[in-house]
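A short worksheet on the structure shown next.
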Protein chains: 2
Amino acid sequence: MMLPERTVERLSEYRRSLLQCLEEGKTHIYSHELAELHHNTAVQVRRDIMFIGYTSMQRKGYDVRELISVIGDILDSEKGLNVAVIGVGNLGRAITTYFVGKRSRLNIIATFDVDHNKIDRVISGVKCYPLNRLKEVVGTHNISIAIMTVPADSAVEVSEHLVEAGIKGVLNFTTIPLNVAPDVYLDEFDMITSLEKVAYFVKMTKK
Amino acid sequence: MMLPERTVERLSEYRRSLLQCLEEGKTHIYSHELAELHHNTAVQVRRDIMFIGYTSMQRKGYDVRELISVIGDILDSEKGLNVAVIGVGNLGRAITTYFVGKRSRLNIIATFDVDHNKIDRVISGVKCYPLNRLKEVVGTHNISIAIMTVPADSAVEVSEHLVEAGIKGVLNFTTIPLNVAPDVYLDEFDMITSLEKVAYFVKMTKK
DNA sequence: GTGAAACTGTGATTTAATTAACAATATTTC
DNA sequence: GAAATATTGTTAATTAAATCACAGTTTCAC
Ligand SMILES: NC(=O)c1ccc[n+]([C@@H]2O[C@H](COP(=O)([O-])OP(=O)(O)OC[C@H]3O[C@@H](n4cnc5c(N)ncnc54)[C@H](O)[C@@H]3O)[C@@H](O)[C@H]2O)c1
Ligand SMILES: NC(=O)c1ccc[n+]([C@@H]2O[C@H](COP(=O)([O-])OP(=O)(O)OC[C@H]3O[C@@H](n4cnc5c(N)ncnc54)[C@H](O)[C@@H]3O)[C@@H](O)[C@H]2O)c1
């Protein structure tokens, strides 16, 4: 049974706060505390936690360590998943640098590009392969997720290669919407739209 | 009257496709064509367009140029809005470089940092100011939107400065959720969550 | 010019997501 | 140890978003 998309997002966010709590020595947390950390309500938090079937010790709040672990059981794959970054320009490089070394079940283990100045170089410890070796490398390294940061005009073509190579999830940072096979999960991550949305609501509340 | 959030997002996306169409010399477009470009349905497109009160010439589809203009009337502010990037690290630099020069009503006109190696330097034509001049510069340059790309541990503090300085919209790229005054619009743009969400659905469809 | 075909615009309906309401349970106070 | 308090888990109600269904136009074919 698949959780609602918004719940999955919130669980990921909760987990990060919970890890923070743990560092601060907090062992238990109430639904309303978690809610306050995340612009939402205590009921919403409890509902999300209900979805994953965890129950707290009544009246004491949720056991932080346990909750982290249960969320992990839901979100993480047992052995983690391998990730590739496609297009190592400004954004691709920023992302790669950022993610590498983060303790996580998602490991960026390869990047791809077509620029000969980048190919075979190592960026933040991750090797850059030529795009035409995509299928091979995806296979041998068991990569299932791609982060797309190629220029807009090669996005469609590259996305087809990705599907062909056996990628099962795509996080698309390019500004053009993609079409992938129905068994491939696609998330469009659109900065321009986000910025325009902020601008719209700023404009509207000014009036 | 305020449009639903999702509709605003889609309008921004439609506009980009429409601009593309224009370049390709397409003068009219049907709802189902626009839908196909954006993983959604013709009815959804028509409903969104109905929201903004535009009507097509029956049976010919929407006039591309007109529709772009009407969406612009809804989304854009008359004179555009000024934007600042706070924290010019890897991500801040990538974003600044990307946005500058894009024909748009949203202009990145300043960046801020605390690192003396960055302050007073010009990045992609945009000057970097010291953070302690935030209020002054926001005032004199009439900046209303901030893109936050500072390290997580200074995010909360910086967000307070932003609100204090009179910023009205924040696009937050840091991994910790912020709390801003109720009249400030905040969008959390969370890459880790997005990636974890992709991973979850990949994991689930594998089974 | 008449009938069929192709689209749009929108009221009605359905589905999904959120919020309200409250019983059940544990804890504290006196 | 009874009453008051705080918190969870869940059913029911509400609200928001998406989809269906179809009437109303325009165009096209003949
Ligand atoms: N930088 C941003 O903040 C930002 C914001 C919004 C959207 N985007 C989108 O993200 C993408 C990347 O942006 P960027 O600023 O990093 O651009 P960039 O030009 O700095 O990087 C693009 C990289 O992709 C490589 N590349 C080109 N064709 C390729 C191919 N067919 N296969 C693999 N690699 C290829 C290039 O060699 C380069 O290294 C663009 O599509 C852009 O629209 C970026
Ligand atoms: N790079 C990514 O792909 C990525 C992904 C997810 C989240 N993020 C988040 O985005 C933020 C920036 O990431 P990054 O990779 O660019 O980091 P970075 O370390 O490269 O850049 C941070 C910049 O902020 C500046 N800074 C530090 N304190 C500041 C302050 N108080 N005021 C203004 N500027 C200050 C630093 O001098 C530096 O220039 C981080 O919060 C990170 O969690 C980044």
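All values below were derived from every heavy atom in this structure, side-chain atoms included, with hydrogens, water molecules and symmetry-related copies excluded. Order of the sequence lines sets the chain letters (A, B, ...), proteins ahead of strands, with each chain counted from 1.
- Classified by interplanar angle (parallel below 30°, tilted 30° to 60°, perpendicular above 60°), the ring pair Y185(A)/F201(B) is parallel.
- More than 12 non-hydrogen atoms from other residues, nucleotides or ligands lie less than 6.0 angstrom from NZ of K26(B).
- Between R6(A) and dA17(D), a side-chain N or O to OP1/OP2 separation shorter than 4.0 Å is absent.
- Counting only heavy atoms from C-beta on, Y62(A) has its side chain closest to dG9(D) among dT7(D), dG9(D), dA12(D).
- Distances shown here put every side-chain N or O of S56(A) at or beyond 4.0 Å from the OP1 or OP2 atom of dT8(D).
- Look at OH on Y30(A): it is 16 Å from P on dT5(D), rounded to the nearest Å.
- With rounding to the nearest 0.5 angstrom, the CD1 atom of I145(A) is 12.0 Å from the CG atom of L162(A).
- Heavy atoms only, all atoms of each residue included: D63(B) and E66(B) are closest at OD1-N, 3.0 Å.
- Per the geometry, CD belonging to E66(A) stands 15 Å off P belonging to dT8(D), to the nearest Å.
- R46(B) places its CZ atom 11 Å from the C1' atom of dC22(D), with the value rounded to the nearest Å.
- Comparing K60(A) and V43(A) against DNA chain D, the residue whose closest nucleotide sits nearer the 5' end is K60(A).
- For a distance-only test at 3.5 Å, the side chain of R47(A) fails to qualify as a donor-acceptor partner of the base of dT8(D).
- Taking only side-chain atoms of T41(B), from C-beta outward, the nucleotide of dT11(D), dT19(D), dA18(D) with the closest atom is dT19(D).
- What separates NE2 of H39(B) from P of dT19(D) is a distance of 14 Å, to the nearest Å.
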Before giving the answer on side chain to side chain contact (heavy atoms under 4.5 Å, CB included), spell out for V170(B) and M148(B) the whole-Å C-alpha distance, their side-chain angles and the decisive distance to 0.1 Å.
-> CA-CA 7 Å; V170(B) 175; M148(B) 274 206 34; 4.2 Å; yes

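- Atom CD1 of I49(B) and atom P of dA18(D) are 15 Å apart (whole Å).
- Protein atom CD of Q44(A) is 16 Å distant from nucleotide atom P of dT10(D), rounded to whole Å.
- Bounding nucleotides for the chain A contact on DNA chain C, 5' to 3', at a heavy-atom distance below 4.0 Å, are dA17(C) to dT27(C).
- Among the protein residues, S31(A) comes within range of the sugar-phosphate backbone only, with heavy atoms under 4.0 Å from sugar or phosphate atoms but none that close to a base.
- Checking each of I49(A), T41(A), D48(A) against V45(A) for a side-chain contact (heavy atoms from CB on, under 4.5 Å) leaves exactly one that passes, namely I49(A).
- Straight-line distance from the CG atom of D48(B) to the P atom of dT19(D): 11 Å, rounded to whole Å.
- Taking atom CG of residue D63(A) and atom P of nucleotide dT8(D), one finds them 13 Å apart after rounding to whole Å.
- In this structure, T55(A) reaches the sugar-phosphate backbone alone: every heavy-atom distance under 4.0 Å involves primed, P, OP1 or OP2 atoms, never a base.
- R6(A) meets the salt bridge (Lys or Arg N to Asp or Glu O under 4.0 Å) test with E9(A); sequence neighbours excluded.
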